[in-house]
Chemist: 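Before I ask anything, here is the structure I am working with.
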Amino acid sequence: MKSLRHLSLAVLCTAGLAYQSQAQKYSENQIESLKTEVAQIVEANHKMSQVMVDKIFSFAELGFQEVESSKYLTGILAENGFEIKTGISGIPTAWWATWSNGDGPVIALGSDVDNIPKASQYPGVAYHKPMVEGAPGHGEGHNAGIPLNITAALAVKQIMERENIGGTLILWPGIAEELVAAKAWYTRDGLFDEVDLCIFTHVSSNMGVSYGQASGTGLISVEYTFTGEAAHGAGAPWRGRSAADAVELMNIGWNYKREHLHPLKRSHSVITDGGDQPNVVPSKASIWYYFRDVKYDGIMEMYEQATNIAKGAALMTETDMEYKVLGTAWPRHFNKVIAETMFANIQTVGLPEWDENDQTLAKAVQKEMGSKEEGMPTELNELGLPVEEPRSGGSDDIGDVSWVVPTVTLRFPSNIPGLPGHHWANAIAMATPIAHKGVTAGAKAEAMTILDLLLKPELVEQAWDYFNNVQTKEETYKPMITAEDAPPIYLNGDIMKQFRPELEKFYYDETKFDTYLEQLGVTYPTVKKD
């Protein structure tokens with residue numbers, strides 16, 4: 001395969017590449033006709049999308065432990081002619097799936113696959129009903145994105161083969177996105193170096209796309225570990241040097257620092273190791289922080305300040321301190337050319353037709369959560385413009401990818417508006433017709449956009465022009481991880497070891513049941529009776 005990212009439009013024309021002449025033979029009307037056809041193929045494959053969405057929902061795997069999800073998804077891609085590389089960037093559940101039809105744009109399609117701790121929930125049930133008490137569940141909706149990408153890619157592949165359209169499609173997973181702990185390693189290891197354009201997909205309650213600096217933050221994820229000396233907590237406490245004391249003192253120091261943080265900054269933490277038992281002075285203790293800001297420099301400043309506070313806590317307790325980066329996410333910046341191209345296709349596709357059952361479920365969940373009972377949206381959002389004033393909020397490590405290759409995120413309507421996020425309520429819609437319809441709509445918009453990018457070579461040049469002369473004109477991407485930093489693939493291992501045996505009883509068997517709701521015996525929708 002040959003990428004176009006290093007070639008100007010002038011070079012493409014003068015070199016007389018086969019790709020350029022191939023693209024020129026299609027008129028605008030012909031391209032629109034192919035886009036209509038690819039949307040029809042996506043619609044015809046709605047059942048395939050539904051099965052994939054339900055299957056991944058049923059696996060309910062946390063970050064770095066997406067064993068069954070990755071095996072299932074790569075199996076589908078391998079059956080459809082994709083070359084699969086597994087274990088990329090030293091992450092066992094990460095993979096890179098490639099299919100090429102010769103020279104042309106190299107387009108990467110990514111989405112996340114992991115889920116949320118303690119978010120187990122029966123789908124289609126509009127109140128809290130865990131499938132396995134305390135277990136993880138898809139309380140964000142990451143079970144839908146890769147099925148969308150596969151549906152779109154296979155539809156486009158069918159057109160490319162028949163029409164002999166050159167280009168390469170790559171599919172990849174956002175492993176452990178909830179830990180923001182994979183995409184920075186992908187970019188560090190050069191996985192996107194020969195990619196021309198990237199389309200990322202993320203679940204939402206409406207369909208949309210934006211460009212420019214996004215709202216929200218970037219972050220660095222750091223764990224600080226203190227090592228002291230154990231002693232009998234009652235018999236000889238003076239002989240101990242408490243690592244737990246160091247953790248507490250660091251936490252106190254950082255909490256005092258919060259008063260002096262700019263309002264756009266965010267920080268939160270959990271104590272991952274507080275000692276073993278009360279009568280033993282803890283010789284080991286750890287605390288894990290996320291430090292967020294809207295700018296790279298601000299993130300790194302917080303990181304330095306926190307590390308100094310950790311050093312102070314170690315001095316006060318006569319303990320040793322070490323720290324390691326567990327994940328990073330750059331503030332996101334999306335490509336104007338791809339976004340505008342995609343938004344035109346979103347307008348053509350429109351929102352799904354929500355039926356009475358869909359709206360009943362949505363309003364019941366909103367009522368349960370104390371949100372406005374507005375149901376599912378019936379009007380599209382506008383094209384998202386660059387934020388005029390930065391706004392703090394969440395992060396996504398697609399930000400790292402967006403700074404090495406022109407990228408957009410397609411938001412697709414598979415979840416219910418007005419929910420808290422990272423919560424069992426956000427799992428309710430994710431194996432129901434709401435999720436299935438949203439995936440099909442999103443796959444249509446994505447497939448149509450891919451054809452635009454394949455058949456209009458000037459879009460590739462224009463996307464890189466924006467990337468080089470607007471986005472990166474005054475800002476240079478600097479990875480927050482080093483060549484020595486290893487992805488923390490051990491995270492969530494114990495949790496999944498605990499819950500997987502119970503979760504396996506709920507794996508979706510599509511050979512016996514039409515939908516996951518049918519397998520679970522859920523009447524759609526199930527709502528509280530007044």
Side-chain angles (χ1 to χ4, degrees), residues 1-45 80-82 98-109 148-171 194-199 209 335-350 383 405-408 410 441-467:
M1 64 183 180
K2 183 182 289 183
S3 167
L4 305 181
R5 70 184 292 175
H6 303 300
L7 300 178
S8 69
L9 186 58
V11 171
L12 285 171
C13 293
T14 57
L17 290 176
Y19 168 68
Q20 179 74 354
S21 59
Q22 153 196 291
Q24 286 177 337
K25 73 181 182 182
Y26 290 97
S27 68
E28 190 66 35
N29 286 341
Q30 288 172 319
I31 293 173
E32 291 303 312
S33 178
L34 290 176
K35 287 163 60 178
T36 298
E37 181 183 358
V38 84
Q40 292 169 344
I41 296 171
V42 168
E43 182 65 40
N45 287 333
N80 284 277
F82 282 73
T98 305
W99 176 83
S100 183
N101 205 37
D103 291 347
V106 179
I107 302 173
L109 311 176
L148 185 160
N149 290 347
I150 291 177
T151 301
L154 295 185
V156 171
K157 177 176 178 283
Q158 183 176 328
I159 299 288
M160 292 175 70
E161 289 176 321
R162 189 192 71 204
E163 298 291 325
N164 195 27
I165 298 171
T168 299
L169 302 178
I170 296 171
L171 278 80
E194 296 302 320
V195 172
D196 290 305
L197 308 161
C198 178
I199 297 175
V209 66
N335 190 268
K336 183 175 188 287
V337 176
I338 308 175
E340 290 177 339
T341 302
M342 177 171 281
F343 185 66
N345 292 317
I346 288 172
Q347 289 178 304
T348 299
V349 173
L383 174 65
V405 62
T407 300
V408 298
L410 167 66
K444 289 177 182 178
E446 181 173 62
M448 293 164 71
T449 303
I450 296 169
L451 282 179
D452 278 326
L453 300 174
L454 290 170
L455 296 175
K456 300 175 183 178
E458 67 275 11
L459 293 177
V460 181
E461 172 70 13
Q462 292 165 6
W464 277 98
D465 180 69
Y466 176 89
F467 181 87

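Count residues from 1 along the sequence.
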Chemist: How close do Ala463 and Pro406 get, heavy atom to heavy atom, and via which atoms?
Modeler: O-CG, 4.0 Å

Chemist: When rounded to the nearest 0.5 angstrom, what distance separates CG in Leu197 from CD1 in Ile170?
Modeler: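 Separation between the atoms: 11.0 Å.
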
Chemist: At what distance, to the nearest 0.5 angstrom, does CD of Glu461 lie from CG of Asp196?
Modeler: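 Answer rounded to 0.5 Å: 11.0 Å.
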
Chemist: What I'd like to find out is whether the side chain of Val460 reaches to under 4.5 Å of the side chain of Pro105, using heavy atoms alone.
Modeler: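 They are in contact (side-chain heavy atoms under 4.5 Å apart), so the answer is yes.
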
Chemist: Would you say the side chain of Ile159 lies within less than 4.5 Å of the side chain of Ile41, judging by non-hydrogen atoms?
Modeler: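 Ile41 reaches Ile159 side chain to side chain.
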
Chemist: Can a donor-acceptor pair be found, under 3.5 Å and without considering hydrogens, that links the side chain of Lys157 to the backbone of Asn80?
Modeler: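 Checking the backbone N and O of Asn80 against the side chain of Lys157, a donor-acceptor pair under 3.5 Å is found.
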
Chemist: With a 4.5 Å cut-off on side-chain heavy atoms, are Lys456 and Thr341 touching?
Modeler: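 With C-beta onward as the side chain, the pair stays apart.
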
Chemist: Does some side-chain heavy atom of Leu34 sit less than 4.5 Å from a side-chain heavy atom of Leu455?
Modeler: yes

Chemist: So which atom in Val195 and which in Trp464 form the shortest heavy-atom distance, rounded to 0.1 Å?
Modeler: O-CZ2, 3.9 Å

Chemist: Does Asn101 use its side chain to pair, donor to acceptor, with the backbone of Gly167 at less than 3.5 Å?
Modeler: no

Chemist: I need the Asn335 CG to Glu340 CD distance, nearest 0.5 Å.
Modeler: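 Spacing of CG (Asn335) from CD (Glu340) equals 9.0 Å.
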
Chemist: Which pair of heavy atoms, one from Phe82 and one from Leu169, lies closest together, and at what distance?
Modeler: CE2-O, 3.7 Å

Chemist: In sequence, state the C-alpha distance, the side-chain angles, and the governing distance for Thr98 and Thr168, and then conclude on side-chain contact (heavy atoms from CB on, under 4.5 Å).
Modeler: CA-CA 7 Å; Thr98 305; Thr168 299; 3.7 Å; yes

Chemist: Quick one: closest heavy-atom pair of Leu454 and Gly166, and the distance?
Modeler: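 Answer, listing the atom of Leu454 first, then Gly166: CD2-O, 3.8 Å.
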
Chemist: Could you tell me the separation between the CE atom of Met342 and the CE atom of Met448, rounded to the nearest 0.5 Å?
Modeler: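 Atom-to-atom, Met342:CE and Met448:CE are 11.0 Å apart.
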
Chemist: In the structure I gave you, are the side-chain heavy atoms of Ile450 and Met160 within less than 4.5 Å of one another anywhere?
Modeler: no

Chemist: Between Thr449 and Ala445, is there a donor-acceptor pair closer than 3.5 Å when you use the side chain of the first and the backbone of the second?
Modeler: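 Yes; at least one donor-acceptor contact below 3.5 Å.
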
Chemist: Do Lys35 and Asn345 have side-chain atoms, one donor and one acceptor, less than 3.5 Å apart?
Modeler: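 A donor-acceptor contact under 3.5 Å links the two side chains.
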
Chemist: So how far is it from Thr348 OG1 to Phe343 CZ, rounded to the nearest 0.5 Å?
Modeler: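 If we round to the nearest 0.5 Å, Thr348:OG1 and Phe343:CZ are 10.0 Å apart.
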
Chemist: State the CD-CD distance between Glu37 and Glu32, to the nearest 0.5 angstrom.
Modeler: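 So the gap between those two atoms works out to 13.0 Å.
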
Chemist: Using every non-hydrogen atom in the two residues, find where Val42 and Ala443 come nearest and quote the distance to one decimal.
Modeler: CG1-CB, 3.6 Å

Chemist: Of the non-hydrogen atoms in Val349 and Ala441, which two are nearest, and what is the gap between them?
Modeler: CG1-O, 3.6 Å

